[in-house]
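Each remark here refers to the structure printed beneath this line.
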Amino acid sequence: RTTIGDVSMGSIALEPPPTMLMTQVLKAEFAKMGHQVVASGAQFSASGKLLKFKVLTPATAVYWDINGEIELALAMKSQAGAAYDARYSATCTDRTYVWPGEEIIGKVVADCAAKIGASLRGDAALVKFLSSP
């Protein structure tokens, strides 16, 4: 968190941590697409890399903006060896006229995570890849 002049007012600690949050998003989105997440013996394997996860709170004399930014790289592989790689990104902003607390910061992070999830569901090439034998 920062105040006027980019003076630090302390760090933001997220719970769950960003990597765990994105794991939850991936699992939920794959389930919504009709796929089960299992430990082994799956038709497809997925790995993700969190390329960017930022929450910034720049301030003016009147308000704070809460800016969230997430970028995720997803690599899918089928048992047959076919591969699919994609990147998904989201940016979200909200504004507060009082100290940016847990509620508004959580809302911005949740909004960005939801946008990543919507991007996964809306990725026609990913859906096609997952429906291939």
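Owing to the predicted nature of the structure, the values given are computational and were not obtained by experimental measurement.
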Grab the two heavy atoms, one from C92 and one from D111, that are nearest each other, plus how far apart they are. SG-C, 3.6 Å
Classify the ring geometry between Y97 and Y63 as parallel (under 30°), tilted (30 to 60°) or perpendicular (over 60°). perpendicular
Point-to-point distance, once rounded to the nearest 0.5 Å, from CG of L72 to NZ of K52: 13.0 Å
Nearest-0.5 Å distance that lies between atom CE in M76 and atom CG in L130: 4.5 Å
Supply the atom-to-atom distance L26 CG to S47 OG, rounded to the nearest 0.5 angstrom. 10.0 Å
Euclidean distance, E29 CD relative to Q24 CD, rounded to 0.5 Å: 12.0 Å
According to a 4.5 Å side-chain heavy-atom criterion applied to Ile, Leu, Val, Met, Phe, Trp and Tyr, with indirect links allowed, do V127 and Y88 form part of one hydrophobic cluster? yes
Shortest non-hydrogen separation from A113 to L21 and the atoms involved: CB-CD2, 4.4 Å
Keeping the roles fixed (side chain from T96, backbone from P100), state whether a donor-acceptor pair exists under 3.5 Å. no
List the steps, then state whether side chain to side chain contact (heavy atoms under 4.5 Å, CB included) holds for V109 with L14. CA-CA 9 Å; V109 171; L14 296 175; 4.2 Å; yes
Under 3.5 Å, is there a donor-acceptor pair between the side chain of D65 and the main chain of N67? no
Smallest separation among heavy atoms of I66 and V55, with atom names: CG2-CG1, 4.3 Å
Apply side chain to side chain contact (heavy atoms under 4.5 Å, CB included) to L56 and W64, showing your working. CA-CA 10 Å; L56 302 172; W64 281 270; over 6 Å; no
Please confirm whether the backbone N or O of T91 pairs with a side-chain atom of K115, one donor and one acceptor, at under 3.5 Å? yes
Decide whether I116 and M33 are clustered together by the hydrophobic rule: side chain heavy atoms of Ile, Leu, Val, Met, Phe, Trp, Tyr closer than 4.5 Å, transitively. yes
Which atoms form the tightest heavy-atom contact between Q43 and S132, and what is the distance? NE2-O, 3.4 Å
Under the side chain to side chain contact (heavy atoms under 4.5 Å, CB included) criterion, do D123 and R121 qualify, and how do the steps go? CA-CA 6 Å; D123 184 345; R121 281 192 316 276; over 6 Å; no
Between F44 and F129, is the gap from one ring center to the other below 6.0 Å? yes
Nearest 0.5 Å please: distance from the CG atom of L50 over to the CE atom of M20. 13.0 Å
M22/I70 under side chain to side chain contact (heavy atoms under 4.5 Å, CB included): CA gap, chis, key distance, verdict: CA-CA 9 Å; M22 295 316 299; I70 300 174; 4.1 Å; yes
d(E69 CD, L51 CG) to nearest 0.5 Å is 11.0 Å
